[in-house]
Engineer: 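Below is a structure I'd like to ask you about.
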Amino acid sequence: MSRHHIEKVTCPSCHHEGDFELWDSINTALDPEMKEKVLNKSIFLYTCPSCGETFRLNYPTLYH
Ligand SMILES: [Zn+2]
């Protein structure tokens, strides 16, 4: 099973603090819908709920 947790991130554009879902481990065999999100990197993208700015967060994730 894929594991994830929520972390606080601060928008570099408007400094609004929001919740971001970080994936600790992704098992694409059990979560095939996650495979596409990894491939198109959308799991690393955060959209600020305040200003709508999208930016990329790089973090380590276990992909198997
Ligand atoms: Zn913002």
Side-chain angles (χ1 to χ4, degrees):
M1 208 185 114
S2 299
R3 289 191 304 124
H4 72 281
H5 69 278
I6 302 295
E7 249 182 45
K8 294 280 183 203
V9 291
T10 304
C11 174
S13 179
C14 71
H15 304 291
H16 174 87
E17 197 179 64
D19 293 328
F20 181 68
E21 198 173 36
L22 270 89
W23 293 87
D24 304 299
S25 112
I26 295 161
N27 188 326
T28 54
L30 293 170
D31 294 294
E33 76 277 9
M34 286 302 297
K35 189 176 182 179
E36 202 174 313
K37 290 188 179 184
V38 173
L39 290 175
N40 67 23
K41 308 267 199 298
S42 69
I43 61 161
F44 299 109
L45 293 177
Y46 171 76
T47 302
C48 175
S50 177
C51 67
E53 195 76 34
T54 300
F55 56 96
R56 189 169 170 172
L57 296 165
N58 289 307
Y59 63 89
T61 184
L62 186 64
Y63 175 69
H64 52 102

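Ligands are counted one by one from 1 in listed order, and the atoms in each one are counted from 1 as well.
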Engineer: Which side-chain N or O atoms in residues 33-40 pair as donor and acceptor under 3.5 Å with protein atoms at least two apart or in another chain?
Structural biologist:
residue	atom	partner	partner atom	Å
N40	OD1	S42	N	2.9
N40	OD1	S42	OG	3.0
N40	ND2	E36	O	3.4

Engineer: How long is the straight-line distance from CG of D24 back to OG1 of T61, given to the nearest 0.5 Å?
Structural biologist: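 With rounding to 0.5 Å, OG1 (T61) is 6.5 Å from CG (D24).
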Engineer: Is there side-chain contact between I26 and D31, with heavy atoms separated by less than 4.5 Å?
Structural biologist: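 No, side chains not in contact.
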Engineer: Everything protein-side that's N, O or S and under 2.8 Å from the Zn ion (ligand 1): list it, residue and atom.
Structural biologist: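 Only C11 SG, C14 SG, C48 SG, C51 SG fall inside 2.8 Å of the Zn ion (ligand 1).
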Engineer: Would you tabulate the side-chain donor-acceptor contacts of residues 43-53 under 3.5 Å, counting partners in other chains and residues two or more places apart, or write 'none'?
Structural biologist:
residue	atom	partner	partner atom	Å
T47	OG1	T54	OG1	3.2

Engineer: Taking only residues at least two apart or on different chains, which pairs with a member in residues 10-20 satisfy side chain to side chain donor-acceptor pair (under 3.5 Å)?
Structural biologist: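 Only K8-D19 qualify under side chain to side chain donor-acceptor pair (under 3.5 Å).
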Engineer: Taking the side chain as every heavy atom from C-beta outward, state whether Y63 and W23 have any pair of such atoms under 4.5 Å apart.
Structural biologist: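 No; the side chains remain at least 4.5 Å from each other.
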